[in-house]
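Take a look at the structure below.
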Amino acid sequence: MFKLDRKSIIIGTSAIATSALLLSGCMSATTGNGSATVGAPGTAGNYAIKHKTAIDGGVVYERKHGTYTAYRYNEQSTKGVNFGRTPTANELAAWDIDALPDGSGLPEGEGSVEEGDELFEAQCAACHGDFGGGGNGYPQLTGGNQAKDENGIVITLKNQREYGKTDAPKRTVGTYWPVATTLFTYIRDAMPYATPKSLSNNEVYALTAYILAQNSIEIDGEEMDDEYVLNAEKLTKVVLPNRNGFYPNIDGPTGPADIKTFFADRAKNIGSGVRCMTDCKDPGGQDGKTEAAVVKIGYEMKDVVPAYSMVRDLPPEIDNTITKAEKMYNENCKLCHGTDAMGAPRVGDIEAWRAVTAKGMEKVIYNSINGMGGMPAKGGNEDLIPSEVKEIVDFMVESSKEH
């Protein structure tokens with residue numbers, strides 16, 4: 001989760017491969033006469049086992065005659081296929097800019113909480129809500145209870161989604177994320193949504209400082225007030241409440257070995273190669289001794305905004321005074337055209353729309369239907385018909401005139 005470093009790329013690839021291997025233990029087989037056979041738990045069925053070295057205790061089967069268990073694979077030669085070229089040192093350096101938990105990869109620069117506040121309001125609040133409190137369907141960045149239990153684990157993250165324990169855990173930067181350098185890397189690489197990689201290093205430090213401050217994070221026991229200035233040295237000292245809440249630990253040079261040890265222990269406790277599909281229990285529990293608890297999943301969770309509901313009816317119209325055109329604008333175009341932060345002309349900006357309409361309404365409507373630059377066709381909603389797009393454009397233009 002959120003560990004955007006070189007090791008996680010390797011581990012992620014390993015995890016995908018492992019998932020594929022897990023399936024092999026519970027596949028159905030087809031015999032020569034077309035009948036299906038299934039191997040008993042822990043056995044190979046009719047397939048020849050090549051080795052049992054999968055890190056979770058699973059098995060790997062032989063590839064033979066273009067088949068792997070019940071699946072066929074492509075045996076065509078790849079001779080003459082162009083797989084690209086080795087990247088140059090400069091190309092690798094341009095790509096390899098992630099900041100690791102130990103601070104390696106962090107650039108020079110600094111930014112204050114106060115500067116981050118101004119940037120967040122201008123660049124981020126349209127999606128993530130005021131103060132990072134969430135909104136518009138994008139992740140909540142701040143808030144949540146950071147209290148820990150006697151083992152140092154954030155209590156609310158252990159809430160089971162079962163009847164009688166209805167508070168859902170809040171997975172924010174302050175309660176869930178393990179390291180703060182991930183926050184810096186993500187902002188620098190992917191934000192703002194409409195113009196990623198457009199922020200300077202100083203601005204990224206400022207936004208990181210602001211979000212950490214809104215989560216009441218302290219650095220070396222010092223509160224991050226408005227004047228607090230964050231830099232690379234200080235960022236590496238941040239210890240987030242959930243720093244040790246993830247297992248197995250994939251960080252550092254022992255990450256791959258830790259992953260293998262974790263799965264080996266699980267295989268020993270559960271049973272090597274056993275694939276459980278119903279009434280699954282871990283007889284060893286997390287401590288290897290006590291039986292793991294089986295929880296019943298429920299639906300009622302009161303600490304969710306908006307609250308979960310089983311009702312499938314459309315919500316009633318609250319404001320009957322809103323026009324159809326404005327409603328369609330709110331649903332399809334407001335995210336980008338309701339703010340100056342997305343690079344699109346903001347509705348209400350007279351000068352911006354004067355420049356847009358100078359090319360003629362026919363051209364404006366044509367571009368809105370077919371897309372232009374970073375704006376997708378029909379605002380990304382292919383269900384809109386041309387006449388509806390025209391209604392939306394007319395609304396936006398009329399709302400941006402001097403009255």
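Contacts of T195 classified as side-chain contact (heavy atoms from CB on, under 4.5 Å), with partners at least two apart in sequence or in another chain: P192, S198. For the salt bridge (charged side-chain N to carboxylate O under 4.0 Å, His left out) test, residues two or more places apart in sequence or in another chain that qualify with E398 are K401. Checked against side-chain hydrogen bond (donor to acceptor under 3.5 Å, both in side chains), N330 has no partners two or more places apart in sequence or in another chain. Take T357 and apply the side-chain hydrogen bond (donor to acceptor under 3.5 Å, both in side chains) test, not counting sequence neighbours, and it matches no residue. The ring pair (Phe, Tyr, Trp, His ring centres under 6.0 Å) search around Y228 returns none, not counting sequence neighbours. Applying the side-chain hydrogen bond (donor to acceptor under 3.5 Å, both in side chains) test to E115 and every residue at least two apart in sequence or in another chain returns S112. Under the salt bridge (charged side-chain N to carboxylate O under 4.0 Å, His left out) criterion, E203 pairs with no residue at all, not counting sequence neighbours. In this view, K390 and D394 satisfy the side-chain hydrogen bond (donor to acceptor under 3.5 Å, both in side chains) rule, not counting sequence neighbours.
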Checklist entry - Do E110 and L230 pass the side-chain contact (heavy atoms from CB on, under 4.5 Å) test, and can you show the C-alpha distance, the side-chain angles, and the key distance before you say yes or no? => result CA-CA 5 Å; E110 63 179 23; L230 184 68; over 6 Å; no

Item to check | side chain to side chain donor-acceptor pair (under 3.5 Å) between N202 and S200, intermediate numbers included | outcome: CA-CA 5 Å; N202 287 347; S200 68; 5.2 Å; no

Item to check | Worked verdict on C124 versus L119 for side-chain contact (heavy atoms from CB on, under 4.5 Å) | outcome: CA-CA 7 Å; C124 315; L119 281 167; over 6 Å; no

Checklist entry - Should Q123 and M191 be marked as a side-chain contact (heavy atoms from CB on, under 4.5 Å) after you check the CA-CA gap, both sets of side-chain angles, and the distance that decides it? => result CA-CA 9 Å; Q123 303 273 17; M191 294 290 117; over 6 Å; no

Checklist entry - What do the steps show when you test M396 against H337 for side-chain contact (heavy atoms from CB on, under 4.5 Å), and what is the final call? => result CA-CA 9 Å; M396 296 167 72; H337 288 281; 3.3 Å; yes

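Ring geometry for Y186 versus W177: interplanar angle over 60°, hence perpendicular rather than tilted (30 to 60°). Ring-plane geometry between F395 and Y329 is classed as tilted, the angle between the planes lying from 30 to 60 degrees on a 0 to 90 degree scale.
Looking at every heavy atom in both residues, A99 comes nearest to L106 through CB-CD2, 3.5 Å. Nearest heavy atoms, I369 versus P386: CD1-CB, 3.8 Å. Pairing each heavy atom of D189 with each of P196, the nearest pair is O-CB, 3.9 Å. The shortest heavy-atom contact between A344 and C336 is CB-O, 3.8 Å. Contact detail for P376 and G380: the closest heavy-atom pair is CG-N, 3.5 Å. Of all heavy-atom pairs between V238 and A180, the closest is CG1-CB, 3.7 Å.
In this structure, E62 contributes its side chain and K64 its backbone to no donor-acceptor pair below 3.5 Å. Checking side-chain atoms of H128 against main-chain N and O of P139 turns up a donor-acceptor pair under 3.5 Å. For the pair W353 (side chain) and R346 (backbone), a donor-acceptor distance under 3.5 Å is present.
M328 CE to E326 CD: the interatomic distance, rounded to the nearest 0.5 Å, is 11.0 Å.
A side chain to side chain donor-acceptor pair (under 3.5 Å) check over residues 362-382, counting only residues at least two apart or in different chains, returns the pairs N332-N381. The stretch residues 224-235 participates, sequence neighbours left out, in these salt bridge (charged side-chain N to carboxylate O under 4.0 Å, His left out) pairs: E233-K237. Sorted by first and then second residue, the ring-ring contact (aromatic ring centres under 6.0 Å, His included) pairs with a member in residues 196-216 read F120-Y210, F184-Y205; sequence neighbours excluded. Contacts classified as side chain to side chain donor-acceptor pair (under 3.5 Å) and involving residues 75-91 (residues at least two apart or in different chains) are given here: N74-Q76, R85-E91, T88-E91.
Between V179 and L100 there is no side-chain heavy-atom pair separated by less than 4.5 Å. V113 places none of its side-chain heavy atoms less than 4.5 Å from the side chain of D117. Between E108 and N201 the shortest side-chain heavy-atom distance does not fall below 4.5 Å. For the pair E388 and K324, the minimum side-chain heavy-atom distance is below 4.5 Å. For the pair I211 and I217, the minimum side-chain heavy-atom distance is 4.5 Å or more. Contact of the T69 side chain with the T67 side chain is not registered, since no non-hydrogen atoms from C-beta on lie closer than 4.5 Å.
By the 6.0 Å contact criterion, CE on M361 is enclosed, its count of non-hydrogen atoms from other residues, nucleotides or ligands being greater than 12. In this structure, E218 places its CD atom where more than 12 heavy-atom neighbours from other residues, nucleotides or ligands lie under 6.0 Å away.
A side-chain donor-acceptor contact under 3.5 Å links T175 and T172. T254 and D258 share a side-chain donor-acceptor pair at under 3.5 Å.
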